[in-house]
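In this chain, residues are counted from 1 in sequence order. One-based numbering, in listed order, for ligands and for the atoms of each.
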Amino acid sequence: MTDDLATLKAETTATLAAAEDLRAWDAVRVAVLGRNGTLTQKLKELGALTPEARRERGAALNRAKDELTALIEARRTALEAAALDAQLGNERLDVTLPPRPQPAGLIHPISRTMEEIAAIFGAMGFAIAEGPDIEDDWRNFGALNIPAHHSAREDMDTFYLPPAGADGRRRVLRTHTSPVQVRTMLDQPPPIRVVVPGRTYRADHDATHSPMFHQLEGLAIDRTLTLGHLKGCLIDFLRAYFGISNLPMRFRSSYFPFTEPSMEVDIGWNRRTGELGGGGDWLEILGSGMVHSKVLANCGVDPLMWQGFAFGMGIERITMLKHGIPDLRPFYESDLRWLRHYGFSPLAPAILHEGV
Ligand code: PHE
């Protein structure tokens with residue numbers, strides 16, 4: 001190696017060692033290999049030499065360039081590693097700091113009740129079934145043995161929708177979840193055990209009625225089901241849901257076009273305090289009965305081979321009773337203060353406290 005190149009190498013080694021950070025390092029790199037760098041300058045001077053001298057000098061310069069490039073890159077690697085070490089040494093993680101609060105959502109009481117219903121009836125072998133909010137009047141009324149001009153159609157304050165569809169059936173916002181009984185029987189062969197939580201609609205609005213509300217329907221079809229099974233099922237459900245193992249219950253005979261016999265169910269409570277379980281007063285809570293043979297036949301189920309029971313109740317109502325919620329309207333007002341008070345933590349899912 002010629003003297004000037006040996007000197008350049010020695011100088012570069014020294015200035016690189018003195019470069020303490022990447023900025024200083026880059027200045028050295030530019031001074032040697034940059035467009036006007038010392039080595040670049042020497043390469044430009046090759047053109048003035050004779051061919052033999054150029055060959056020899058060119059080879060020496062190329063070797064020197066490789067060596068210098070390696071030296072410079074090695075210093076960069078060392079500086080980067082040192083910078084990372086310094087950063088890791090400086091950063092401290094304080095594991096004793098209290099966590100920052102994370103805003104978490106809450107489960108709406110209606111959703112919570114539906115989860116509890118699913119858990120309790122799921123344990124009894126019922127599946128969840130669903131149907132559309134917009135029904136035709138055959139599924140909402142006719143198939144359920146409520147003929148046209150039957151007073152039940154007026155009782156339910158039905159919302160009718162403008163006529164649509166070629167089948168001639170009128171569209172309605174379903175007034176109860178019972179049309180899903182019809183859909184389920186038409187869809188699947190018995191035996192059947194389903195519960196149907198869902199939205200329902202009636203033209204009614206005050207502190208205890210909303211034009212949109214939720215119902216829970218139940219349907220069980222088998223060869224030998226009796227009124228005794230219906231009573232047992234409702235006793236188990238209401239006692240598990242309210243968490244009161246000796247909840248008093250009363251079964252009263254009643255009338256629904258789609259069940260025969262029909263009965264309404266009352267639970268014991270104290271009218272004055274609102275407390276459930278005792279107090280000597282009765283509160284009506286749901287409608288039920290053995291599925292009418294005409295309904296079975298309308299839905300393609302042979303009433304001579306199959307029988308079963310059905311029930312329906314208001315989800316808001318059982319939610320208000322269980323949690324002491326006095327007014328129905330805030331359920332739908334999306335007032336966060338109300339939800340913070342009555343909502344449920346998503347981290348504490350519905351479980352069966354009392355068992356079934
Ligand atoms: N569909 C009835 C109502 O909305 C409730 C019911 C369902 C009654 C099933 C008996 C059997 O009032």
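- The ring of Phe344 has its center closer than 6.0 angstrom to the ring center of His323.
- Using a 30° and 60° split on the angle between ring planes, Phe237 and Phe121 fall in the parallel class, below 30°.
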Atom pairs and distances, ligand 1 N/O vs protein N/O under 3.5 Å:
from: ligand 1; atom 1: 1 (N); to: His176; atom 2: ND1; distance (Å): 3.0
from: ligand 1; atom 1: 1 (N); to: Ser178; atom 2: OG; distance (Å): 3.0
from: ligand 1; atom 1: 4 (O); to: Arg202; atom 2: NH2; distance (Å): 3.0
from: ligand 1; atom 1: 4 (O); to: Gln215; atom 2: NE2; distance (Å): 3.0

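- Taking the six-membered ring where tryptophan is involved, the planes of Trp338 and Tyr342 are tilted, since the angle between them lies from 30° to 60°.
- When the shell of 6.0 Å around CD of Glu56 is examined, it contains 12 or fewer heavy atoms from other residues, nucleotides or ligands.
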Please evaluate residues Tyr201 and Glu135 with respect to the criterion side-chain hydrogen bond (donor to acceptor under 3.5 Å, both in side chains), reporting the C-alpha separation (whole Å), side-chain torsions for both, the decisive distance (0.1 Å), and the verdict.
CA-CA 11 Å; Tyr201 303 83; Glu135 273 293 4; over 6 Å; no
Show me the donor-acceptor pairs, under 3.5 Å and distance only, between side chains in residues 285-314 and residues at least two apart or in other chains.
from: Ser288; atom 1: OG; to: Met263; atom 2: O; distance (Å): 3.0
from: His292; atom 1: ND1; to: Lys294; atom 2: N; distance (Å): 3.0
from: Asn298; atom 1: ND2; to: Ala143; atom 2: O; distance (Å): 3.0
from: Asn298; atom 1: ND2; to: Lys294; atom 2: O; distance (Å): 3.2
from: Asp302; atom 1: OD1; to: Leu304; atom 2: N; distance (Å): 2.8
from: Gln307; atom 1: NE2; to: Leu225; atom 2: O; distance (Å): 2.8

